[in-house]
Novice: 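A single structure is presented below for examination.
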Amino acid sequence: MLEVKDLVVAYGRVTAVKGISFTVEQGQVVTLLGTNGAGKSTTLRTISGLLKPVSGEIWFEGRRLDGEPAHKVVQRGIAQSPEGRRLFRKMSVEDNLMLGAYSRTDSAAAIKADMDRVYDLFEVLGQRRREPAGLFSGGEQQMLAIGRAMMSRPTLLMLDEPSMGLSPIMTQTIMRTIRELQAEGVTILLVEQNAQAALSLADRGYVLEVGSIAFSDTGRNLLRDDRVKRAYLGAA
Ligand code: ATP
């Protein structure tokens, strides 16, 4: 579904992503792991069309994606829930969700049906839909950020650190939701620092180290991998 080939991305003279390649198959959950500054967010932002690669190619559903502006990327079926959530804190839950649907050209009824689906997934958002986003807890705001990304009806959903700052219970809720979305047919590219949580549900994981992919394997194998245990799972 998604193929990233030899991708190089730089901020001025700083090369943040140094020629990475990876693939995401339809229906999979794929995770990118790595410490701070490894280049995970940069990779997602480049797929989203927010950054232009220096070189390399990105293919999505058989067609070239790199070079497309961000709004075209959304129209092709890719949505990103960004690191730090980036909600409009003074706007209501409902209005934040509507922003996620801005690029859609189908009927208001279809958009309303998707909003109801978000409220089914995250009940608290439905119950307090008219309240400003800023009044919600970190976990609830994360739900809203995921819900907003869902409102563009993506076939590929990219989540950047959805567990950041959340309690273990809330992290579990978010991970359970990711599984539910996968069961509904959404393909997911997940950037996480919580390797345990991410690998427990990922079909495949890629480990990034300073801009390069160090190794990759199935989620299950990476959970047992000594290198992963030492660097990301806190084992001695
Ligand atoms: P984190 O979890 O800390 O966000 P990451 O793996 O997502 O880590 P990136 O945010 O992609 O890493 O950063 C990769 C490299 O690019 C780092 O060296 C970072 O300092 C640099 N970088 C990121 N954003 C910018 C920017 N806007 N301008 C200059 N350098 C940047």
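Since this is a predicted model, take the numbers as computed values, not measurements. All heavy atoms count here, side chains included; hydrogens, waters and symmetry mates do not. This chain uses plain numbering: 1 for the first residue, then up along the sequence. Counting starts at 1 for both ligands and their atoms, following the listed order.
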Novice: Number the atoms of ligand 1 from 1 as they appear, then name those within less than 4.0 Å of a heavy atom of Gln193, with their elements.
Specialist: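 Here the atoms of ligand 1 in question are 2 (O).
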Novice: What protein heavy atom sits nearest atom 19 (C) of ligand 1, and how far away is it?
Specialist: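 Here the nearest protein heavy atom works out to Gly37 CA, 4.8 Å.
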Novice: To the nearest 0.1 Å, how far is atom 22 (N) of ligand 1 from its closest protein heavy atom, and which atom is that?
Specialist: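 Ranked first by proximity to atom 22 (N) of ligand 1 is Tyr11 CE1, 3.3 Å.
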Novice: Ligand 1 and Ser41, any nitrogen or oxygen pair closer than 3.5 angstrom?
Specialist: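 The answer is yes, given that Ser41 and ligand 1 share an N or O pair closer than 3.5 Å.
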Novice: Identify, by atom number and element, the atoms of ligand 1 in contact range of Thr35, meaning under 4.0 Å from any of its heavy atoms.
Specialist: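 So the answer, numbered in order with elements, is 6 (O).
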Novice: Taking atom CD as the centre, does Glu184 end up with more than 12 heavy-atom neighbours from other residues, nucleotides or ligands that are less than 6.0 angstrom away?
Specialist: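 Yes.
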Novice: Taking atom CE of Met98 as the centre, does the number of heavy atoms from other residues, nucleotides or ligands within less than 6.0 Å exceed 12?
Specialist: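 For Met98, atom CE is not crowded (no more than 12 foreign heavy atoms under 6.0 Å).
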Novice: So is Ala16 polar-close to ligand 1, meaning N/O to N/O under 3.5 Å?
Specialist: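 No - when backbone and side-chain N and O of Ala16 are compared with those of ligand 1, no distance drops under 3.5 Å.
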Novice: Side chains of Arg117 and Leu121, heavy atoms from C-beta outward: is any pair under 4.5 Å?
Specialist: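 They are not in contact (no side-chain heavy atoms under 4.5 Å apart), so the answer is no.
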Novice: Under 6.0 Å from the CD atom of Glu131, do we count more than 12 heavy atoms belonging to anything else shown?
Specialist: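 Yes, enclosed.
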Novice: We want to know whether Glu140 and Ser137 form a side-chain donor-acceptor pair, criterion being a heavy-atom distance below 3.5 angstrom.
Specialist: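 Ser137 and Glu140 do have a side-chain donor-acceptor pair below 3.5 Å.
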Novice: Measure from NZ or CZ of Arg227 to the centre of the six-membered ring of Phe215 and say whether it is under 6.0 Å with the direction within 45° of the ring axis.
Specialist: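 Yes, a cation-pi geometry.
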Novice: Using a 4.0 Å cutoff against the non-hydrogen atoms of Glu161, which atoms of ligand 1 qualify?
Specialist: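 Ligand 1 atoms under the 4.0 Å threshold to Glu161: 2 (O).
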Novice: When only distance counts, is Val14 in polar contact with ligand 1, meaning an N/O pair under 3.5 Å?
Specialist: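 So ligand 1 has no N or O lying under 3.5 Å from an N or O of Val14.
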Novice: What protein heavy atom sits nearest atom 12 (O) of ligand 1, and how far away is it?
Specialist: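 Answer for atom 12 (O) of ligand 1: Gly39 N, 3.1 Å.
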Novice: Atoms of ligand 1 less than 4.0 Å from Ala38 heavy atoms?
Specialist: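 Heavy-atom distances to Ala38 below 4.0 Å select 5 (P), 6 (O), 12 (O).
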Novice: Please list the nearest protein heavy atom to atom 11 (O) of ligand 1 with its residue and the distance rounded to 0.1 Å.
Specialist: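 Checking every protein heavy atom, the shortest distance to atom 11 (O) of ligand 1 gives Thr42 OG1, 2.4 Å.
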Novice: Strictly by modelled atom types, are Thr35 and Tyr232 linked by a side-chain donor-acceptor pair under 3.5 Å?
Specialist: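 Result is no, nothing qualifies.
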Novice: Does a sphere of radius 6.0 Å around CZ in Arg64 hold more than 12 heavy atoms from other residues, nucleotides or ligands, not counting ones at 6.0 Å or beyond?
Specialist: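 Enclosed.
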Novice: With the threshold set strictly below 4.0 angstrom, can you tell me whether any protein non-hydrogen atom sits that near atom 7 (O) of ligand 1?
Specialist: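 Yes, because at least one protein heavy atom sits under 4.0 Å from atom 7 (O) of ligand 1.
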Novice: Can you tell which part of Arg45 has a heavy atom less than 4.0 Å from ligand 1: side chain, backbone, both or neither?
Specialist: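 Just the side chain.
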Novice: Can you tell whether the side chains of Lys40 and Glu192 come within less than 4.0 Å, N to carboxylate O?
Specialist: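 Between Glu192 and Lys40 there is no salt bridge, as every charged N stays at least 4.0 Å from the carboxylate O atoms.
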